[in-house]
There are 2 protein chains.
Amino acid sequence: MKSRNDTIKIDGIDKKILRFLMKDARKPVLEIARNIGISGAAIHQRLRKLEASGLLAGSKFVINPKVMGYTTMAYIGIFLDKAMSNPAAVKQLEKIPEVLECHYTTGNWSILIKVLCRDNEHLMQVLNKEIQRIEGVSRTETFISLAQQIDRQITI
Amino acid sequence: MKSRNDTIKIDGIDKKILRFLMKDARKPVLEIARNIGISGAAIHQRLRKLEASGLLAGSKFVINPKVMGYTTMAYIGIFLDKAMSNPAAVKQLEKIPEVLECHYTTGNWSILIKVLCRDNEHLMQVLNKEIQRIEGVSRTETFISLAQQIDRQITI
DNA sequence: TTTGAAACATTTTATTC
DNA sequence: GAATAAAATGTTTCAAA
């Protein structure tokens with residue numbers, strides 16, 4: 001099932017199934033079955049295997065934040081005083097719901113985060129009252145996303 | 001249905017439903033119904049309304065790229081020669097499957113992209129043979145994500 | 001808006017090839 | 001691996017409250 005570098009072999013049928021479900025997680029297996037000319041049970045079995053392999057990491061409903069009044073997305077590069085305060089800083093960042101992603105990165109900053117706020121004022125509050133107050137955070141650089149033109153998953 | 005700033009009013013029941021489905025898009029509506037003590041038909045109707053409002057923007061199967069051998073994620077800040085070449089650059093970026101996100105940003109760069117590659121060598125090829133060759137791209141700054149500790153959607 | 005019930009469709013499992 | 005079939009479960013619609 002797995003090749004020597006621990007990746008998984010998936011064939012063309014697996015790919016077709018995944019491509020359908022990556023676009024619409026609630027697409028009925030039977031509908032996919034009709035589309036690709038294989039029985040629903042066969043697809044069901046393949047999905048169980050893909051799940052067991054860890055390739056399928058679940059499914060999600062996608063929410064449009066704009067409709068909820070969240071229109072300001074930004075990336076924030078964070079400089080930390082000492083490398084040792086990293087895990088502690090992440091713990092604090094986890095408590096801020098506006099923080100959607102957090103990466104340890106090479107380069108200028110210690111950490112790069114993605115935040116989603118209602119507007120610029122909200123973003124300013126999150127910066128000044130939440131992020132800047134975290135122990136070890138010395139400086140930040142903010143990049144507001146004026147528009148997002150690409151948003152997709154890995155191509156299968 | 002919508003307040004004067006065009007956001008949507010959702011009540012506690014809507015939130016409960018959404019929280020279930022944001023975690024697992026394939027969770028049966030009837031199961032959610034049993035959990036929150038309301039009929040399946042009621043949930044079905046609420047979901048139709050949420051979908052009509054645009055708040056529900058579909059669903060996705062989530063794939064674990066590591067299992068497919070994609071282990072190097074990076075953010076790349078791109079400097080463009082002239083502002084006018086922006087849309088053309090995005091068009092070229094769309095053709096590169098390793099590019100998962102693309103944002104117009106305030107700050108240093110014109111564009112910030114997120115890329116997913118198999119390894120550092122693959123990343124180098126994408127940088128040198130794909131991104132740097134795009135008309136108008138003058139310089140790039142790469143930040144490799146050594147680890148991602150937070151990855152979530154907006155909190156409902 | 002909610003419910004319950006009927007009609008319809010899908011999922012899941014066992015069996016067989 | 002895949003197909004079929006049967007049982008269990010889920011979805012969808014609608015009339016009534």
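Letters A, B, ... mirror the listed sequences (proteins, then strands); counts begin at 1.
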Hey, what bend do you get for the helix from C:dT1-D:dA17 to C:dC17-D:dG1 if you fit axes on five pairs at each end, rounded to 10°?
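For the helix from C:dT1-D:dA17 to C:dC17-D:dG1, the axes at opposite ends meet at about 30°.
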Rounded to whole Å, how long is the line connecting atom [atom1] of [X] with atom [atom2] of [N]?
{"X": "A:Ile17", "N": "C:dT11", "atom1": "CD1", "atom2": "P", "result": "12 Å"}
{"X": "A:Ile32", "N": "C:dT10", "atom1": "CD1", "atom2": "P", "result": "11 Å"}
{"X": "B:Glu31", "N": "D:dT11", "atom1": "CD", "atom2": "C1'", "result": "14 Å"}
{"X": "A:Phe20", "N": "C:dT10", "atom1": "CZ", "atom2": "P", "result": "14 Å"}

Whichever hydrophobic residues join B:Met124 through chains of side-chain contacts under 4.5 Å:
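B:Met124 clusters with nothing; isolated.
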Tabulated below should be each protein N or O lying under 3.5 Å from an N or O of nucleotides 1-3 of chain D; please produce it.
residue: D:dA2; atom: OP1; partner: A:Arg46; partner atom: NH2; Å: 2.6
residue: D:dA2; atom: OP2; partner: A:Arg46; partner atom: NE; Å: 2.8
residue: D:dA2; atom: OP2; partner: A:Arg46; partner atom: NH2; Å: 3.3
residue: D:dA3; atom: OP2; partner: A:Ser39; partner atom: N; Å: 2.9
residue: D:dA3; atom: OP2; partner: A:Ser39; partner atom: OG; Å: 3.0

Of A:Arg34 and A:Arg48, whose closest DNA chain C nucleotide lies nearer the 5' terminus?
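Its nearest nucleotide lies further toward 5', so the answer is A:Arg34.
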Side chains of B:Thr140 and B:Gln132: any donor to acceptor distance under 3.5 Å?
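A pair is found: one side chain offers a donor N or O, the other an acceptor, under 3.5 Å apart.
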Qualifying residues under side chain to side chain donor-acceptor pair (under 3.5 Å), relative to A:Gln153, sequence neighbours excluded
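Scan of A:Gln153 (side chain to side chain donor-acceptor pair (under 3.5 Å), adjacent residues dropped) gives none.
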Where at least one partner belongs to residues 28-45 of chain A, residue pairs that pass side chain to side chain donor-acceptor pair (under 3.5 Å), sequence neighbours excluded:
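Only A:Lys27-A:Glu31 qualify under side chain to side chain donor-acceptor pair (under 3.5 Å).
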Restricting to side-chain contact (heavy atoms from CB on, under 4.5 Å), what partner residues turn up for B:Ala147, sequence neighbours left out?
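Partners of B:Ala147 by the side-chain contact (heavy atoms from CB on, under 4.5 Å) criterion, ordered by chain and then number, come out as A:Tyr104, B:Gln149.
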Is the shortest side-chain N/O distance from A:His44 to OP1 or OP2 of C:dT12 below 4.0 Å?
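Yes, A:His44 has a side-chain N/O under 4.0 Å of OP1/OP2 on C:dT12.
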Kindly work out whether a path of hydrophobic side-chain contacts (I/L/V/M/F/W/Y, heavy atoms less than 4.5 Å apart) joins A:Val115 to A:Leu127.
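Hydrophobic grouping puts A:Val115 with A:Leu127.
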Only distances under 3.5 Å count here; give the side-chain donor-acceptor pairs of residues 11-24 of chain A to other protein atoms, sequence neighbours excluded, each with its distance to 0.1 Å.
residue: A:Asp11; atom: OD1; partner: A:Ile13; partner atom: N; Å: 3.1
residue: A:Asp11; atom: OD1; partner: A:Asp14; partner atom: N; Å: 2.9
residue: A:Asp11; atom: OD1; partner: A:Arg46; partner atom: NH1; Å: 2.9
residue: A:Asp11; atom: OD2; partner: A:Arg46; partner atom: NH1; Å: 3.1
residue: A:Asp11; atom: OD2; partner: A:Arg46; partner atom: NH2; Å: 3.1
residue: A:Asp14; atom: OD1; partner: A:Arg46; partner atom: NH1; Å: 2.9
residue: A:Asp14; atom: OD2; partner: A:Asp11; partner atom: N; Å: 3.3
residue: A:Asp14; atom: OD2; partner: A:Arg46; partner atom: NH1; Å: 3.4
residue: A:Arg19; atom: NH1; partner: A:Ile156; partner atom: O; Å: 2.4
residue: A:Asp24; atom: OD1; partner: A:Arg26; partner atom: N; Å: 3.0
residue: A:Asp24; atom: OD1; partner: B:Ser59; partner atom: OG; Å: 3.3

With a 4.0 Å heavy-atom cut-off, tell me which residues in residues 22-30 of chain B come close to DNA chain D, sorted by residue number.
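Here the set is B:Pro28, B:Val29, B:Leu30.
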Can you pull out every ring pair (Phe, Tyr, Trp, His ring centres under 6.0 Å) where at least one residue sits in residues 134-156 of chain A? Sequence neighbours excluded, please.
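Of all non-adjacent pairs touching residues 134-156 of chain A, those that pass ring pair (Phe, Tyr, Trp, His ring centres under 6.0 Å) are A:Trp109-A:Phe143, A:Phe143-B:Trp109.
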Residue pairs involving residues 84-96 of chain A (criterion salt bridge (Lys or Arg N to Asp or Glu O under 4.0 Å); sequence neighbours excluded)
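Listed by first then second residue: nothing to list.
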Check residues 70-80 of chain B and write down every donor-acceptor pair under 3.5 Å in which the side-chain atom is one partner and the other belongs to a residue at least two apart or another chain.
residue: B:Tyr70; atom: OH; partner: B:Arg118; partner atom: NH1; Å: 3.4
residue: B:Thr71; atom: OG1; partner: B:Arg118; partner atom: O; Å: 2.8
residue: B:Tyr75; atom: OH; partner: A:Glu101; partner atom: OE1; Å: 3.0
residue: B:Tyr75; atom: OH; partner: A:His103; partner atom: NE2; Å: 3.3

Please list, chain by chain and in numerical order, all residues satisfying salt bridge (charged side-chain N to carboxylate O under 4.0 Å, His left out) with B:Glu141, sequence neighbours excluded.
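Once residues adjacent in sequence are excluded, the partners of B:Glu141 under the salt bridge (charged side-chain N to carboxylate O under 4.0 Å, His left out) criterion are B:Arg139.
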